[in-house]
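This report refers to the structure that appears directly beneath it.
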There are 4 protein chains.
Amino acid sequence: MKTGKFHTGIFERLSAKKQERILNIAVKEFADKGFLNSRIKEIAQKAGISYGSMYSYFPTKDDLLKTIITRNIDFQKTVFKETINRDDDIFENIKNFFTVTLKIAEENPELIAIWRDIAQSYHTKFLPEIIQLEQEGLITIRDLIQTGIARGTLSPDIMINSSAYAIDSISSELLASSVSDQNKKKKKMFFGEKTNPEIVDEIMIIVRKILPLKQSTSSFTAS
Amino acid sequence: MKTGKFHTGIFERLSAKKQERILNIAVKEFADKGFLNSRIKEIAQKAGISYGSMYSYFPTKDDLLKTIITRNIDFQKTVFKETINRDDDIFENIKNFFTVTLKIAEENPELIAIWRDIAQSYHTKFLPEIIQLEQEGLITIRDLIQTGIARGTLSPDIMINSSAYAIDSISSELLASSVSDQNKKKKKMFFGEKTNPEIVDEIMIIVRKILPLKQSTSSFTAS
Amino acid sequence: MKTGKFHTGIFERLSAKKQERILNIAVKEFADKGFLNSRIKEIAQKAGISYGSMYSYFPTKDDLLKTIITRNIDFQKTVFKETINRDDDIFENIKNFFTVTLKIAEENPELIAIWRDIAQSYHTKFLPEIIQLEQEGLITIRDLIQTGIARGTLSPDIMINSSAYAIDSISSELLASSVSDQNKKKKKMFFGEKTNPEIVDEIMIIVRKILPLKQSTSSFTAS
Amino acid sequence: MKTGKFHTGIFERLSAKKQERILNIAVKEFADKGFLNSRIKEIAQKAGISYGSMYSYFPTKDDLLKTIITRNIDFQKTVFKETINRDDDIFENIKNFFTVTLKIAEENPELIAIWRDIAQSYHTKFLPEIIQLEQEGLITIRDLIQTGIARGTLSPDIMINSSAYAIDSISSELLASSVSDQNKKKKKMFFGEKTNPEIVDEIMIIVRKILPLKQSTSSFTAS
DNA sequence: GATGAATGAGCGTTCATTCAT
DNA sequence: TATGAATGAACGCTCATTCAT
C-alpha cells in the first residue's frame, strides 16, 4: 500500500529530533481534544515554532493529521510482523498478539485515540487507504485460527469466523482502554490493578475455551 | 447518580411531541456530522422552530447535547431492565442482552455515534457524570454470570471478570458496527450477510464455550 | 438580461436608507482602493454595522461587488433610454448621449471606477453577463449613425464602424476622466476649466466633422 | 522629472541579461494576475533565482513594480521619438503614431495592463511622479497638430484641443484593446478581423476629417 | 415566549518581509 | 551576496451567543 506523503520537503529537512517533537505534540493535541477541536496555533506554540512554520511543513491541517497516520502505519506493521510467527504454536502467537496490542496501546495511546477519532468522525474525509491498516492487522487472528485447524492443533469444529470475531473484539476493547476514559474504567473494573501480562494470561484462558484443541484420538487406543 | 438538567423550563413546558421532534433532529445532526460540525441554526430549521427558540430551550449548544444524552440514559436502562429477567435461564438472558444490544444499535445508531463521538473527542469537555451510563449497562453481564454461578447453573471455575469482559467486548464491537464504517466492514467480513438473530446464535455458541455449565454431579450417583 | 440577486433576504429587509448607506460606502471603498485592496471589515466599520452583519447581507465579498454592479445596471439603462430618442435629430441624440455620459461619470465616478477595475482585473472571475452593460450602451452610437444614414440625414459615404468607434472612444475617455487621476489630468490639459456643456459643444463640432451631412441634391436641380 | 530609483545596487550590478529576465517575468506576472495576486516567490522561481535574492534586489514588492514602470518610461519615450519626425508630413506622423501605439500594445500588452492596473487601483499608493509618462506621450498629438497648422498644412480653424483629445481618445481605446477583454471585444465588434494596418488606415480617414487641410487658395488661380 | 438579526471572537490559511547560515 | 526557512499580521469567512422587537 502506497501511503503518499503529506508533508513538505522543508519538514523533511528538519532534524529528526525536531520532526519528532512537532509530531508528538500534534499527536497529543489531536488525541486529547480530537482533530476538530485542536488548533494549529496551539500546536505551534507548544512545539516552540511559529505559526507560519507549521504551514511550511504541512500544507493544511489535514496534511498534518495524514502525516501522523502514515508515519505510524509502517511502525505498527513492523511490530506485528516481528511478533507473529506462523510457525510458532498458535496460542503462543495469539498471546503475542495480545501482548503487542497492549504494548502499542500503552506506548502510543494517543495514536489509537486519533485512529478512532478518524474512524469515527472523518471516515468520509480521509483517504480510505489510510483506514486500511487496522483491518490488515485483524485478518491475522482469523489466519492464525485457520492455520491452527489446518495443522490439526485446533478442533475442526471451531466456527472460525465468530471465534475470530470474539477474540478480535477483546483486543479492540483492550486497545480502546488506552484511549477513552470509559474503556479505561471498564478495564479497571474487570481487571483491577492487574498487570498487562496477567491480563493477557487471563484472557488466554478464555481464548483457549473459545478455541478448543482437537480431541486427541489416542483416547481410543487407550481403552 | 445525579444527571442534572440541562434544558430550560421553557423546553419542559413544550408538548412531549415537540420536545421529541427537536431532540430527534438534533440527534440525527450530531450523529451524521459530529457535534462540532452540526449547526444549531440548521437543527432549528429542520425542527421548524426559530433559531432564537433553541436558545430559550437550551442555554448552550453543549446543553443540547447533554440533554440528549441524559434523556437516553433512562431509555436504555428501561429497555435493558425490561428484557433481562434474572429469573430466566442465564443463556436466555445473555441472548436477550445481545438481541437488545443489536436492536438498539440498529434503531438508534445515531445515539451510539454521538456517544462514541463524546467518549472520543469531548471527554475533557463533558461532565464525567454523563459518561457513566454505559458502565451501568455493563454490570449486568457480570451480574448474570454471578447469578448463574450462584444458582449452580454455571461452573464455579469460571473466571467471572475476564469472562464478562470478553462477552462485553463482543457486545461493544457489535454496537460499534452500527456506527463506524470500519466496524461495519469488520462485522461483514466475519458474518457476511447473516441476519442479526443468526449472528446472535453464533455468538451464543461462543458464549457457551466461555461459560461452561456446572458438571452435573449425577455422574457420581451413576457409579 | 437576468442579473440574478447576490444579496440575502436580510439585506433586502433593511430600510432603503440603510441599504444605500452600506452600498455607498462599499462603492467608495472599492472605487478608491480597488476591489482586492478593500476590506469588508473597514466597510462594516465605516457603515457603522458589525462585521458579521456584512456577511449576513452578502454571503461573500464577491457578492457585495456583484450587488453593487447589478444595482446600477438598471439605473444606467434607464437613464440612457430616457435620453436617447431615435425620432429626434441624430446630432441631438449624440449630444444627449455625451451629456448623459458626462453626467453619470460626474455623479457616480466610483461606479465607473469599479466598473473599470473589474473589466481590468477580474474579467475571468465575474459573470460575463454582468460585463455586458457597457456594450449595450455602445451599440447605440452605431445605431444612431445607421439611423441617420437610413433617414438620409447623414452622408451614405460615412464609414459606420470606424466612425462609431471614434466617437465611442471619446465617450470612454470622458467616462474615465471621472475616475483615474491620469484621465482627469488629460481632460484638464485639453479642456482646461471648461464646463461639461461647453466640452460637449466642442466635441459635437468634432462629431459633425466625423459624420458629415448628406450633400443636398438640390444643387443639381438648381443648375 | 525625477523618477528615482527603486532597486538596490546589487540589482544594478547584475548582468543586463539577468536584470531583463527578472523584470520581464515580473511584468508578465503582474499583467496576468494583477499586482496583488502576484507572488514574489513565484516570480523568483520562474526567474530561476532565490526568493531571498528578490529582496536583495528590490526592498519591497512595491519597489519591484516601480522599477518596472520607470524602466519602461524611457523605452516608450525612445520609441516615440524615433518614430515621430516633425519634419515629415503631419498625417504621416499621426499614422506612425497609431502604428507605433498598436505595435507597443501588441508587443507589450503586459505593460499596458500593469499601467492600467495602477492607474485604476493603486493611484493612492504609488507615487504620482510615476504616473506621468502617458501624458508626456500624449502631448505629441497636440504638438503635431500645432505644427501642422503652423506650417500651413492644416486649416487654422481646427480646434486644436478638442481635436487632439478626440484623436488621443481613439489611441487610448486601441491601447486598451490589448489588455481588457471588454475593449478587445469592442475592437472586434467594430473592426472585425481587420489587421492593424487596415485599422490604422480606416482611422486615418476619420483623422483627416477631424483635421481638414487648409483650403488651398491656389485653386482659385488654377482655374 | 418567539423571532431572527446583530455581534465579534476565532479559525484556517496566505505571503511580504526578516534573518540565520 | 545568495539562500530559503521563519515569522506573524492580516484576510475572508463561520457560527455560538446575545439582544431588540
Side-chain angles (χ1 to χ4, degrees), chain A residues 8-14 18 36-45 47-64, chain B residues 8-11 13-14 35-45 48-64, chain C residues 8-14 18 36-45 47-64, chain D residues 8-11 13-14 35-45 48-64:
Chain A
T8 64
I10 301 177
F11 181 70
E12 250 163 34
R13 266 166 255 132
L14 253 37
K18 194 167 182 184
L36 261 190
N37 294 307
S38 299
R39 308 291 152 227
I40 291 280
K41 192 171 207 168
E42 200 166 346
I43 293 170
Q45 276 165 353
I49 61 178
S50 79
Y51 189 39
S53 287
M54 285 301 288
Y55 279 87
S56 79
Y57 301 152
F58 313 100
T60 69
K61 195 184 173 192
D62 283 11
D63 286 319
L64 171 56
Chain B
T8 64
I10 301 177
F11 180 70
R13 267 163 256 134
L14 253 36
F35 179 67
L36 253 194
N37 285 316
S38 298
R39 310 288 155 230
I40 292 280
K41 190 169 210 170
E42 201 168 345
I43 293 170
Q45 276 166 353
I49 63 177
S50 82
Y51 191 27
S53 288
M54 286 299 288
Y55 279 85
S56 78
Y57 301 153
F58 313 99
T60 70
K61 195 184 173 190
D62 284 10
D63 287 319
L64 170 56
Chain C
T8 64
I10 301 178
F11 180 70
E12 250 162 34
R13 266 165 256 134
L14 253 37
K18 194 167 182 184
L36 262 189
N37 296 305
S38 299
R39 308 289 153 229
I40 292 280
K41 192 171 206 168
E42 201 167 345
I43 293 170
Q45 276 166 354
I49 61 178
S50 78
Y51 187 44
S53 287
M54 285 301 289
Y55 280 88
S56 79
Y57 301 152
F58 313 99
T60 68
K61 195 183 173 194
D62 282 11
D63 286 318
L64 170 56
Chain D
T8 64
I10 302 176
F11 181 69
R13 266 164 254 135
L14 253 36
F35 179 67
L36 252 194
N37 285 317
S38 299
R39 310 288 155 228
I40 293 279
K41 191 170 209 169
E42 200 167 346
I43 292 170
Q45 275 166 354
I49 63 177
S50 81
Y51 190 27
S53 288
M54 286 300 287
Y55 279 85
S56 77
Y57 301 153
F58 313 99
T60 70
K61 195 183 173 191
D62 284 9
D63 287 319
L64 170 56

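Numbered from 1 within each chain, the chains take letters A, B, ... in sequence-line order. As a basis for the values below, the full set of heavy atoms in this structure was taken, side chains included, without hydrogen atoms, waters or symmetry mates. None of these values were measured; they are calculated from a predicted model.
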**Request:** Rounded to the nearest 0.5 Å, what's the gap from OG on C:S50 to NZ on C:K41? Could you check?
**Result:** 11.5 Å
**Prompt:** Over how many whole Å does the gap from D:E42 atom CD to E:dT14 atom C1' extend?
**Reply:** 13 Å
**Item:** Upstream residue (5' side of DNA chain E) when B:M54 and A:K61 are each assigned their closest nucleotide
**Value:** B:M54
**Asked** Could you state the CD1-P distance from B:I40 to F:dC15, rounded to the nearest angstrom?
**Response** 12 Å
**Prompt:** So does D:R13 get a side-chain nitrogen or oxygen closer than 4.0 Å to the phosphate oxygens (OP1/OP2) of F:dT1?
**Reply:** yes
**Nucleotide E:dT14, atom P - distance to CG of D:N37 in whole Å** = 13 Å
**Request:** Name the residue closer to the 5' end of DNA chain F, choosing between B:D62 and A:K18 according to the nucleotide with the nearest heavy atom.
**Result:** A:K18
**Request:** Would you give the length of the straight line joining atom CD1 of B:I10 to atom CZ of B:F58, rounded to the nearest 0.5 angstrom?
**Result:** 11.0 Å
**Prompt:** Can you name the nearest heavy-atom pair linking B:Y51 to B:I40, along with the distance?
**Reply:** CE1-CG2, 3.7 Å
**Complete:** Whole-Å distance, B:Q45 CD to E:dA5 P, equals 11 Å
**Message:** I want to check one thing: is the phosphate of E:dA5, taken as OP1 and OP2, less than 4.0 Å away from some side-chain N or O of B:K41?
**Reply:** no
**Asked** Rounded to the nearest 0.5 Å, how far apart are CZ of B:F35 and CG of B:D62?
**Response** 4.5 Å
**Message:** Let's test this: given Watson-Crick or G-U wobble pairing with both distances under 3.5 Å, identify the partner of F:dG12.
**Reply:** E:dC11
**Request:** On DNA chain E, check which nucleotide each of C:S56 and A:R39 is closest to and give me the residue with the more 5' one.
**Result:** C:S56
**Message:** Does E:dT7 have OP1 or OP2 under 4.0 Å away from a side-chain N or O of C:S50?
**Reply:** yes
**Prompt:** Base, sugar-phosphate alone, or nothing: which one does C:S38 contact when heavy atoms must sit under 4.0 Å apart?
**Reply:** sugar-phosphate
**Request:** Please round to the nearest 0.5 Å and tell me the distance separating atom CG of C:N37 and atom CD of C:E42.
**Result:** 11.0 Å
**Asked** CD1 of C:I43 versus C1' of F:dG12: gap in Å, rounded?
**Response** 12 Å
**Message:** Distance check, rounded to the nearest 0.5 Å: D:L14 atom CG versus D:S56 atom OG?
**Reply:** 8.0 Å
**Asked** What does D:Y57 touch in the nucleic acid at a heavy-atom separation under 4.0 angstrom: a base, only the sugar-phosphate, or nothing?
**Response** sugar-phosphate
**Item:** G-U wobble or Watson-Crick pairing nucleotide for F:dT21 (cut-off 3.5 Å, both distances)
**Value:** E:dA2
**Message:** Measure CZ/D:F11 against P/F:dA2 and give the value in whole Å, please.
**Reply:** 12 Å
**Prompt:** More 5' along DNA chain F: C:L36 or D:Y51, using each one's nearest nucleotide?
**Reply:** D:Y51
**Distance below 4.0 Å between D:S53 side-chain N/O and F:dT3 OP1 or OP2** = yes
**Message:** Rounded to whole Å, how long is the line connecting atom CG of D:L64 with atom C1' of E:dT17?
**Reply:** 14 Å
**Asked** Choosing from E:dG12, E:dG1, F:dT14, which nucleotide comes nearest the side chain of B:I10?
**Response** E:dG1
**Request:** Whole angstrom is fine here: how far is it from CG in D:D63 over to C1' in E:dA16?
**Result:** 12 Å
**Asked** If you check every side-chain atom of A:I49, which of F:dT18, E:dG12, F:dT7 has the closest atom?
**Response** F:dT7
